[in-house]
Visitor: 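This is the structure I have questions about; it appears just below.
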Amino acid sequence: MRLLVTGGAGFIGSHYVRTMLDGGYPGYEDARITVVDNLSYAASRTNLPDHHPRLRFVTGDICSFPLLLDLLPGHDAVVHFAAESHVDRSVESAVAFVRTNLTGTQTVLDACLKARIPRVVHISTDEVYGTIEQGSWTEDCPLLPNSPYAATKAGSDLLARSYWRTHGLNVSITRCSNNYGPHQHPEKLIPLFVTNLLEGRRLPLYGDGRNVREWLHVDDHCRAVQLVLEHGRAGEVYNVGGGNELTNLALTGKLLRLCGADHSRIRQVADRKGHDLRYSLDDSKIREELGYAPRVPFDEGLAATAGWYRDNPDWWKAAKYRAEPDPVKDGS
Ligand code: NAD
């Protein structure tokens, strides 16, 4: 079995690759993996082993059709994680998001067709649905993305489906809720707040903190991706939820307690433009059809994640201070 993983030096892709290399997916213990990642600001080459007999790392851009055509022959499957992933950056400028998330995905899909790749999984997000005040989204709900990030992810998600419908590409799509865990770039809420607390800085909380997000440990998301790769049906979408819905304020309270700090460390900042109020997924389809269930209890996973950042300052300082200056991040 040979897999090509795009975006494998990022947060979720690298977790997936490490787990597979560690033998975490039964039947895939011998799988050989090619990672294609352009090592953007969000990536860290240290997220993956320097040398591994079953890993080939290629620094490259998914928008390059010749590169993908060169790499793809002989692979049995492609798992497409690569994306520009930070909503705030897409509010500043959508250029990179349109390029990577739309053109990049179209290029990956075309290359998969041309190279006759037998199986493809496209990683989408719950943010494509927009915002929901009550109830939860099923896979049939309309896509009403509100941020440029979500809009480009919705476009790529629909492109993937269209390649199934039009060309018969064997592609399935996952729409997952917010992930947390080790190796997440410190521009994202949980690592930003934990690392700010470790540095004695304040926590820039958007608005009144009542926005609700559903959290899932990255290990559970990756297991769902593997289930979809192995057993998902072509052309189908699978929601992947965590069931842990929390306001950002409640989540901040948990992080403060974990780090031994109090609410005086919170600094309210102007709300994000177009900030979605609530995300909530109905993921009964993947549970019933593929036997998926999350395993990591939220409080345990969150404590372990905070502990990982405490123990790995070199990793997060390199990521945090390599990024361009960001007024929201500068929360002290
Ligand atoms: P990330 O930003 O940590 O990683 C993305 C990776 O893609 C990086 O390594 C980056 O270098 C690479 N990349 C970006 N542009 C590229 C290009 N043009 N060519 C090659 N590589 C490129 O993001 P993540 O949090 O790991 O998210 C992975 C996927 O999961 C994304 O598609 C994202 O939309 C989706 N997703 C994320 C979450 C979440 O909570 N993080 C939730 C649901 C879905």
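For reference, positions follow the sequence shown, starting with 1. For ligands, and for the atoms within them, numbers begin at 1 and follow the listed sequence.
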Visitor: Contact between G8 and ligand 1, counting heavy atoms under 4.0 Å?
Guide: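 No.
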Visitor: Counting only nitrogen or oxygen atoms and a 3.5 angstrom limit, does D37 reach ligand 1?
Guide: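 Yes - when backbone and side-chain N and O of D37 are compared with those of ligand 1, one distance drops under 3.5 Å.
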Visitor: Just to confirm my output: which protein heavy-atom neighbour is closest to atom 19 (N) of ligand 1, and how far is it?
Guide: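 Protein heavy atom at minimum distance: I62 N, 3.0 Å.
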Visitor: Is it the side chain (CB and beyond), the backbone, both or neither of S124 that lies under 4.0 Å from ligand 1, heavy atoms counted?
Guide: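 Backbone only; the side chain of S124 stays clear of ligand 1.
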Visitor: Can you report which non-hydrogen protein atom sits closest to atom 43 (C) of ligand 1, along with the distance?
Guide: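 Nearest protein contact, heavy atoms only, for atom 43 (C) of ligand 1 is C176 O, 3.4 Å.
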Visitor: Using a strict cut-off of 4.0 Å, indicate which atoms of ligand 1 neighbour a heavy atom of A82.
Guide: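 Taking each heavy atom of A82 in turn, ligand 1 has 7 (O), 21 (N), 22 (C) under 4.0 Å.
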Visitor: Determine whether the side chains of Y292 and N239 contain a donor N or O and an acceptor N or O closer than 3.5 Å.
Guide: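 Side chains of Y292 and N239: no pair found under 3.5 Å.
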Visitor: Tell me whether K153 reaches ligand 1 (any heavy atom closer than 4.0 angstrom to a ligand atom).
Guide: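 The answer is yes: ligand 1 sits under 4.0 Å from a heavy atom of K153.
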Visitor: Quick check on contacts: which atoms of ligand 1 are under 4.0 angstrom from a heavy atom of A42?
Guide: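 Taking each heavy atom of A42 in turn, ligand 1 has 2 (O) under 4.0 Å.
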Visitor: Would you check if the side chain of E29 reaches a backbone N or O of G27 as a donor-acceptor pair within less than 3.5 Å?
Guide: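 Yes.
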Visitor: Between S177 and ligand 1, find which residue part has any heavy-atom pair under 4.0 Å and reply side chain, backbone, both or neither.
Guide: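 Backbone only; the side chain of S177 stays clear of ligand 1.
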Visitor: For N101 and T152, does a side-chain donor sit closer than 3.5 Å to a side-chain acceptor?
Guide: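 Yes.
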Visitor: Measure E127 to ligand 1 on non-hydrogen atoms and call it side chain, backbone, both or neither using the 4.0 Å cut-off.
Guide: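 No part of E127 comes within reach of ligand 1.
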Visitor: Is there a path from V228 to L281 through hydrophobic residues (I, L, V, M, F, W, Y) whose side chains come within less than 4.5 Å of each other?
Guide: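 No; L281 is not reachable from V228 via cluster members.
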Visitor: Please report whether the ring centroid of H86 lies less than 6.0 Å from that of Y149.
Guide: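 So the answer is no for these two rings.
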Visitor: Within the 3.5 Å criterion, strictly below it, is a donor on S44 or H183 matched to an acceptor on the partner's side chain?
Guide: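 The answer is no; no qualifying pair exists.
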Visitor: Short list, please: which atoms of ligand 1 are under 4.0 Å from a heavy atom of S40?
Guide: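 Close to S40: 10 (C), 11 (O).
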Visitor: Checking the N or O distance criterion of under 3.5 Å, is ligand 1 in contact with T125?
Guide: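 Checking ligand 1 against T125, no N or O pair falls under 3.5 Å apart.
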Visitor: Going by the ring-ring contact (aromatic ring centres under 6.0 Å, His included) test, which pairs reach into residues 216-253, not counting sequence neighbours?
Guide: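 As it turns out, the ring-ring contact (aromatic ring centres under 6.0 Å, His included) pairs with a partner in residues 216-253, which skip direct neighbours, are Y180-H217.
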Visitor: Given that the side chain starts at C-beta and the backbone is N, CA, C, O, which of these parts of Y16 lies under 4.0 Å from ligand 1, counting heavy atoms, or is it both or neither?
Guide: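 Neither part.
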Visitor: Can you list the atoms of ligand 1 that are under 4.0 Å from a heavy atom of I123?
Guide: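 Per the distance check, 30 (O), 32 (O), 35 (C).
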Visitor: Is K188 close to ligand 1, meaning an N/O of one under 3.5 Å from an N/O of the other?
Guide: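 Among all N and O atoms of K188, none is under 3.5 Å from an N or O of ligand 1.
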Visitor: Is the closest side-chain donor-acceptor distance between E127 and Y279 under 3.5 Å?
Guide: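 Yes - a donor-acceptor pair under 3.5 Å links their side chains.
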Visitor: Side-chain contact, heavy-atom cut-off 4.5 Å: R45 with L39?
Guide: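 Touching, per the 4.5 Å side-chain cut-off.
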Visitor: Test your reading of the structure: does T100 have an N or O sitting under 3.5 Å from an N or O of ligand 1?
Guide: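 Yes.
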Visitor: Could you check whether E245 pairs with R278 (Lys NZ or Arg NE/NH1/NH2 to Asp/Glu carboxylate O, under 4.0 Å)?
Guide: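 Salt bridge: yes.
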Visitor: Which residue supplies the protein heavy atom nearest to atom 23 (O) of ligand 1, what is that atom called, and how far is it?
Guide: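 For atom 23 (O) of ligand 1, the nearest protein heavy atom is S85 OG, 3.3 Å.
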Visitor: Name the orientation class of the two ring planes belonging to H122 and H80 (parallel below 30°, tilted from 30 to 60°, perpendicular beyond 60°).
Guide: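 Rings of H122 and H80: tilted, 30 to 60°.
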Visitor: What salt bridge (Lys or Arg N to Asp or Glu O under 4.0 Å) pairs are there with at least one residue in residues 150-174, not counting sequence neighbours?
Guide: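 Non-adjacent pairs meeting salt bridge (Lys or Arg N to Asp or Glu O under 4.0 Å): D157-R175.
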Visitor: So which protein heavy atom does atom 40 (O) of ligand 1 come closest to, and at what separation?
Guide: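 Its nearest protein heavy-atom neighbour is N179 N, 2.8 Å.
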Visitor: For ligand 1, which atoms have a heavy atom of N178 less than 4.0 angstrom away?
Guide: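 Listed by number with element: 40 (O).
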Visitor: Purely on distance, is any nitrogen or oxygen of V36 under 3.5 Å from one on ligand 1?
Guide: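 No, since none of the N or O atoms of V36 sits under 3.5 Å from an N or O of ligand 1.
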Visitor: Considering only non-hydrogen protein atoms, determine which one is nearest to atom 5 (C) of ligand 1 and report residue, atom name and distance to 0.1 Å.
Guide: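 The answer is A83 O, 3.5 Å.
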Visitor: Kindly confirm or rule out an N or O of D61 lying under 3.5 angstrom from an N or O of ligand 1.
Guide: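 Yes; the residue has a nitrogen or oxygen that sits under 3.5 Å from a nitrogen or oxygen of the ligand.
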Visitor: Please list the nearest protein heavy atom to atom 34 (O) of ligand 1 with its residue and the distance rounded to 0.1 Å.
Guide: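 Looking only at protein heavy atoms, the one closest to atom 34 (O) of ligand 1 is Y149 OH, 2.6 Å.
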Visitor: Heavy atom of G104 under 4.0 Å from ligand 1?
Guide: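 Outside the 4.0 Å threshold, so no.
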Visitor: Checking R322 against Y41: charged group under 6.0 Å from the ring centre and within 45 degrees of the axis?
Guide: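 Checked: cation-pi criterion not met.
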Visitor: Compute whether any side-chain donor of one residue and acceptor of the other, for N146 and D276, lie under 3.5 angstrom apart.
Guide: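 Yes, a side-chain donor-acceptor pair sits under 3.5 Å.
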Visitor: Indicate yes or no: does D299 engage K254 in a salt bridge with an N to O separation below 4.0 Å.
Guide: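 Salt bridge between D299 and K254, a charged N being under 4.0 Å from a carboxylate O: yes.
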Visitor: Decide, yes or no, whether a salt bridge links E84 with R99 under the criterion of side-chain N to carboxylate O below 4.0 Å.
Guide: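 A salt bridge is absent here (no side-chain N lies under 4.0 Å from a carboxylate O).
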Visitor: Give the residue and atom name of whichever protein heavy atom lies nearest to atom 27 (O) of ligand 1, and the separation in Å to one decimal.
Guide: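 Heavy-atom neighbour on the protein nearest atom 27 (O) of ligand 1: I12 CD1, 3.7 Å.
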Visitor: May I ask you to check if ligand 1 and F81 share an N or O to N or O distance below 3.5 Å?
Guide: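 By distance alone, the answer is yes.
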Visitor: Got a sec: does the NE2 of H263 have more than 12 other heavy atoms crowding it under 6.0 Å?
Guide: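 More than 12 within 6.0 Å, yes.
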Visitor: Pick, from N38, V35, T6, the option with the minimum heavy-atom distance to atom 21 (N) of ligand 1.
Guide: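 Looking at heavy atoms only, N38 sits closest to atom 21 (N) of ligand 1.
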Visitor: Any atoms of ligand 1 less than 4.0 Å from a non-hydrogen atom of G60? List them with their elements.
Guide: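 So the atoms of ligand 1 that pass are 19 (N), 20 (C).
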Visitor: Can you find a side-chain donor-acceptor pair between N312 and K317 that sits under 3.5 Å?
Guide: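 No, because no side-chain N or O of N312 sits under 3.5 Å from a partner of the opposite role on K317.
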Visitor: Judged by non-hydrogen atoms, does Y180 sit under 4.0 Å from ligand 1?
Guide: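 No heavy atom of Y180 comes that close to ligand 1.
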Visitor: Does the N or O separation between C63 and ligand 1 drop below 3.5 Å for any pair?
Guide: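 Looking only at distances, the answer is no, because the N/O contact criterion of under 3.5 Å is not met.
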Visitor: Please state which protein non-hydrogen atom is closest to atom 3 (O) of ligand 1 and give its distance, to 0.1 Å?
Guide: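 Ranked first by proximity to atom 3 (O) of ligand 1 is F11 N, 3.0 Å.
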